[in-house]
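Letters A, B, ... mirror the listed sequences (proteins, then strands); counts begin at 1. What you see is a predicted model; the values in this text were computed from it and never measured.
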Amino acid sequence: MTMLKKKITNKDGNLKSGQNELFTNPDADAAREFFRTKSRALKPKLSTVEEVVKNYLHDGDYIGIGGFGAIRIPTAILHEIIRQKKKHLGFAGHTSTHDFQILAAGECFDKCDIAYIVGLEARGLSPNSRRYIESGKVKITEWSNATLSWRIKAAAMGLSFLPARNLMGTDTFKYSASKEIICPFTGQKYMAHPALYPDFAAIHVHECDVYGNAHIYGASVSDQDLAKASRYVVLTTEKIIPTEKIRQNPEATSIPFWCVDAVVEIPYGSYPGNMPYEYFSDEEYLRKWLTIEKDPTEFKKFIDKQIFGTKNFFEYLELNGGMEKMKKLRAIELLYDQK
Amino acid sequence: MTMLKKKITNKDGNLKSGQNELFTNPDADAAREFFRTKSRALKPKLSTVEEVVKNYLHDGDYIGIGGFGAIRIPTAILHEIIRQKKKHLGFAGHTSTHDFQILAAGECFDKCDIAYIVGLEARGLSPNSRRYIESGKVKITEWSNATLSWRIKAAAMGLSFLPARNLMGTDTFKYSASKEIICPFTGQKYMAHPALYPDFAAIHVHECDVYGNAHIYGASVSDQDLAKASRYVVLTTEKIIPTEKIRQNPEATSIPFWCVDAVVEIPYGSYPGNMPYEYFSDEEYLRKWLTIEKDPTEFKKFIDKQIFGTKNFFEYLELNGGMEKMKKLRAIELLYDQK
Amino acid sequence: MIKYNQIELMICVAARNLEDGATVVVGTGAPCAAAMLAQKTHSPNLCILFEAGGVAPNLPAMPISVGDSRTFHQAIMASSMPEIMETCQRGMIDYTFLGGAQVDMYGNINSTMIGPDHSKPLVRFPGSGGANDLASLCWRTMMMTIQDAKRFTNDIDFITSPGYLQGGNSRYEAGLPRGTGPYRIITNMAIMGFDDTTKRMKVLSVNPGYTRKDVQNNCGFELIWADSIAETHEPDEDELRILRGKVDPDRYIIGR
Amino acid sequence: MIKYNQIELMICVAARNLEDGATVVVGTGAPCAAAMLAQKTHSPNLCILFEAGGVAPNLPAMPISVGDSRTFHQAIMASSMPEIMETCQRGMIDYTFLGGAQVDMYGNINSTMIGPDHSKPLVRFPGSGGANDLASLCWRTMMMTIQDAKRFTNDIDFITSPGYLQGGNSRYEAGLPRGTGPYRIITNMAIMGFDDTTKRMKVLSVNPGYTRKDVQNNCGFELIWADSIAETHEPDEDELRILRGKVDPDRYIIGR
């Protein structure tokens, strides 16, 4: 290895900036001021969806949702956000699919950082979500999945930005709020992606203790970073486990207690989404959403029945097939034939 | 959250640089050229310590060692490096304690990135290591543990630098090769730490398959990043496991096969260091090193006997108490009384 | 002569480009089928990755999302999105496949929107997802798509993912990693690569049943042509048998 | 009157500064003992972290390394060095303890070398380890040390870890996180803090058995003094009983 000798010229004059709005403050010292007084006590944090949405989420806040659109999503929290008619939220659209559909149905957000929205991957596009975005009611800034991941990671690391080598030369950059910088060692151009510190995050996990120490199985997407980056973090969990189970296997802890403000136990909490190793997504139900969305009147009725008409997540599950349906989805997930 | 409006002035004229030598090239494109042709094939990689040190490590290379000085260290590889009289190596002294002692005994390196060297933590300082560094034969550049971790992480991420908020204002910075930069969003001063892409890394793991998919239990220190950052990676492992065990629990994989060039099975391979959940460090033996090091002649004899006089790691273990000693160290690790 | 449809042809062509021991990040649908077909034919050690974190799964069925359980079923790793993207950024990923609503002569792709005003799109698509990242950071980007003059256009409304940008050296001058870029555009009519110097899209072979004229007429910009244009090698019996019998027995993808 | 030695006093004083529900990164030795004592007295929910990755272990014995098995025994997490350091950088860690060969009036610490020439040190010490990082990134840095005029000096040979640098606002002007800095220097003779404005080391209390003159005479720079100087509160019986019986029964630390 030879040492790099070449002299670097910093061509600041030519560095470009994305022109769209940055919806959150990337300043690490501002975030540190918050984290300085965030409780680190190992205390029980059990709560309810009503309480956590009421206590930790306020109109105008910026939110991040764990999982991957229709995989390991905190559905009960998403329903409660539209039930409580939260408005003017900012939203991190980081492969957001069914989560996006729900929040768009409630018109809860009017600022959106976009990596992937209005689609449900192989399932097709969401008509209502498209109408909402095409209406111009939502201020949008463009990014990509890696960029949002790294923006969240920058915050998790306690920084105001991270350098990366994507977005360059594209309109995705032009309509982002990233900035070009020069590596002081090599003179190469890099993108500086601003740290994203959400006000509120909801993450659904496989299991956690009452303090919020959590295990996530399967792909973790960006959730370990999201839990660290966010000011308030609410976990919904398939089940509560004793702390001993965390301490028996300390290398497996996905999220430590000090990130977490509240814990709600919600079996089948990712329904209609997939919960890895537990139950597959309800594809029939997701197709129904996409179909009903075509007609705004019918869709409003559907949402009224599904979300406003159910007082909690147990009623919602019951409405959509209850334990019998859950058993079927487990069979699909675990690849066995249903008897 | 309000958006950041303040205009940033980039005061490049005032930005400082560490004055010492950067021993490795941080250029991400140069690293990518190597990684482009590094084999990703899922093929068996079993080898021997002799072969791996001969084939993958060359005089003048820059090396990184896994674990934490006297915890989960690849002792057999370290011995073989001095047995094969490798010279003019660069070395990442990232809480290096017993590993440093061994390589300093062989005067194998003459360039050293320093975070923590010449000491064995609570056990005291190593006289021979101090003599070697105080002799002026080794070119040194100062860093800190987090800085070396982040330099390795920058490489693992495929970057040429990472920003951070340490080193500032100190002589550690002055004698480093980091550089001040300005955050383009906040105007805050940051340190840019240059990526560290080692030529060679040796890491001791609890278990891995013949392809190099590895499990590490306990604190991972920087080893997941080191495995990604390094051009050639050699694993020593307490035991080989079937690939099925990796695939049964894919969230637990610490190092994936494509990072790994060779695998050597060496039971008790971290001796005299601690192997978490398996055996504790041999404190008596480590004290003996520190004592004998005071007398250069005696120390040379000791090294001759311990390293040059043993043809492989089994002989070395035998010389120092063999299975009976290992059983004692297991009892200490697992906190039970030895019968 | 063997009968096959155009999606089957494209999948077989794509699979042939994935050599044994390579790494590829795929999405759902045809790219995933191509990678699975390659694994079951000439590339048993092709390593398939998914952007949400799945690495080298034993795929029990076609995934419906790039993050669903199938993508890390009996996998080597169930990691995270940063882990996958950083592996790409480090230069360890050989191939990726992208889709899009528009592609221009330099392989730049639009999957964001149609219309002149970004803040009020005429048609809104999902956006980059991981596409910009994969196009930026993997060594070779491929695209499988039905070809028509609206999709193959230089009047691209939005560059979501970088191809060779304005051609020539502009991709690297913009800061993107050296040596990366679009590699193959596989359509129902032809297989295209890119000229080494100008970086313009260049036809390499024409599919059976199509003429050069078809290929140009169904492209909104002027194509350039390789010195010798072969006919695209048809899917052979083995490929079709495995594709139909083992990769997509329910015809989710090849039945479209 | 209860008998105790000076290391026992320093540990008890340090422990009292660690309130319940706080986070502290410790090394081996006296700082670890102080944190354990705090847990077993007034701060059962003090969260102890080790820089190699251990978080909130049930410590079965005194660790010999900040990365050994004890540091993550039945822990909440066995993570990594970047994980711990980034948690500090994010502002989640309240306290840390450092040692060093020299400390100056602004709390800057030397643990690197003695001598005028960095490339050929008269005496070489281990270097920063995690000290610079913890001093930079944790909210409050404390030091426990025997006091003498060679160690407490403004002729510091090397600033390994930042205190208040040149005093006043210089620490934050250098770019270090706002609101961080040295908090307490706990010696065998006194307890010091730092002046809010000048950031000079300021005596808060003098330990039993020592005078103001002792404290100043064993310090190589001029100390400033709080308006009212109390006598340091002695270890009480409970503290000593728990320290001797439960924290360090083998007297590894308190027996030095």
Nearest-0.5 Å distance, NZ of residue A:Lys137 to NZ of residue C:Lys120: 10.5 Å
Residue selection (most heavy-atom pairs with chain A, distance under 4.5 Å) from C:Ser128, C:Ala135, C:Ala131: C:Ser128
Heavy-atom proximity to chain A below 4.5 Å, by part of C:Arg171: neither
Chain C contacts, top residue of A:Ala146, A:Ala70, A:Gly169 (heavy-atom pairs, under 4.5 Å): A:Ala146
Below 4.5 Å, heavy atoms only, C-beta onward: do C:Arg70 and A:Phe280 meet side chain to side chain? yes
Does a salt bridge link A:Lys153 with C:Glu83, judged by any charged N lying under 4.0 Å from a carboxylate O? no
Between chain C and each of A:Gly218, A:Gly119, A:Gly136, count heavy-atom pairs under 4.5 Å; write down the option with the most. A:Gly218
Can you check whether A:Tyr277 reaches C:Phe72 side chain to side chain, under 4.5 Å on heavy atoms? yes
For chain A, which of C:His73, C:Met85, C:Met77 has the most heavy-atom pairs under 4.5 Å? C:Met85
At a 4.5 Å cut-off on heavy atoms, which part of C:Thr28 comes close to chain A: side chain, backbone, both, or neither? side chain
Sort C:Val123 into side chain, backbone, both or neither according to what part of it lies under 4.5 angstrom from a heavy atom of chain A. both
Tell me, for A:Asp225 versus chain C, whether the close heavy atoms (under 4.5 Å) come from the side chain, the backbone, both or neither. side chain
A:Thr147 versus chain C, heavy atoms under 4.5 Å apart: side chain, backbone, both or neither? both
Is it the case that C:Asn132 and A:Asn166 place a side-chain donor and acceptor less than 3.5 Å from each other? no
Go through the atoms of C:Leu122 and report whether side chain, backbone, both or neither lie under 4.5 Å from a heavy atom of chain A. backbone
Pair C:Ser69, A:Glu333 - check side chain to side chain donor-acceptor pair (under 3.5 Å), show working. CA-CA 8 Å; C:Ser69 304; A:Glu333 174 67 13; 2.5 Å; yes
Look only at the side chain of A:Gln188 and the backbone of C:Gly175, and say whether a donor-acceptor pair between them is shorter than 3.5 Å. no
Does any part of the side chain of C:Pro126, heavy atoms only, come nearer than 4.5 Å to the side chain of A:Ile117, both counted from C-beta? no
Could you tell me which portion of C:Ile64 (side chain, backbone, both or neither) has an atom closer than 4.5 angstrom to a non-hydrogen atom of chain A? both
Check: C:Arg124 main-chain N/O paired with A:Arg130 side-chain donor or acceptor under 3.5 Å: yes
Residue A:Ile114 versus chain C: region with a heavy atom under 4.5 Å: side chain
Should the heavy atoms of other residues, nucleotides or ligands under 6.0 Å from CD of A:Gln19 be counted, would the total exceed 12? yes
Examine whether an atom of A:Phe173 lies under 4.5 Å from a heavy atom of chain C, and if so say whether it belongs to the side chain, the backbone or both; otherwise answer neither. neither
Give, as side chain, backbone, both or neither, the part of C:Leu176 having an atom under 4.5 angstrom from any heavy atom of chain A. both
Out of A:Leu148, A:Asp223, A:Val118, A:Thr97, which one racks up the most heavy-atom pairs below 4.5 Å with chain C? A:Val118
Applying side chain to side chain contact (heavy atoms under 4.5 Å, CB included), run through C:His118 and A:Glu142 and close with a yes or a no. CA-CA 10 Å; C:His118 173 258; A:Glu142 300 285 339; 2.7 Å; yes
CD1 of C:Ile109 to OG1 of A:Thr170: how many Å apart, nearest 0.5 Å? 12.0 Å
Highest number of heavy-atom pairs under 4.5 Å with chain A: which of C:Ala174, C:Pro60, C:Gly129? C:Gly129
Under 4.5 Å, counting heavy-atom pairs only, tell me which of C:Gly53, C:Ala75, C:Ser79 racks up the most with chain A. C:Ser79
Say you draw a straight line from CZ of A:Phe68 to CD of C:Glu51; how long is it, rounded to the nearest 0.5 Å? 5.0 Å
Between atom NE2 of A:His94 and atom CE of C:Met81, what is the distance when rounded to the nearest 0.5 Å? 4.5 Å
Specify which of A:Ser149, A:Ala115, A:Pro276, A:Ala122 makes the most heavy-atom pairs with chain C at under 4.5 Å. A:Ala115
Turns out that what part of C:Pro162 lies under 4.5 Å from chain A's heavy atoms comes down to both
Between A:Asn274 (side chain only) and C:Asp68 (backbone N and O only), is there a donor and an acceptor less than 3.5 Å apart? no
Test item: C:Thr160 and A:Asp171 side chains (from C-beta on) under 4.5 Å apart, heavy atoms: no
So, do C:Leu165 and A:Met168 sit near enough that their side-chain heavy atoms are less than 4.5 Å apart? no
Using non-hydrogen atoms only, which part of A:Ile332 is less than 4.5 Å away from chain C: side chain, backbone, both, or neither? both
Kindly determine whether A:Thr172 and C:Ile159 satisfy side chain to side chain contact (heavy atoms under 4.5 Å, CB included), including the steps that lead there. CA-CA 7 Å; A:Thr172 309; C:Ile159 297 180; over 6 Å; no
Contacting region of A:Leu125 [heavy-atom separation from chain C under 4.5 Å]: side chain
C:Glu173 and A:Lys189, any side-chain heavy atoms less than 4.5 Å apart: no
By a 4.5 Å heavy-atom criterion (distance strictly below it), what part of C:Ser161 contacts chain A: side chain, backbone, both, or neither? backbone
Is it the case that the side chain of C:Gln89 and the backbone of A:Ala164 share a donor-acceptor pair, with hydrogens and angles ignored and the cut-off at 3.5 Å? no
A:Glu121 side chain vs C:Val66 backbone, donor-acceptor pair below 3.5 Å: yes
In terms of heavy-atom pairs under 4.5 Å with chain A, the winner among C:Gly115, C:Pro82, C:Gly127, C:Gly163 is C:Pro82
Got a second to check how far C:Ser65's OG is from A:Leu120's CG, nearest 0.5 Å? 9.5 Å
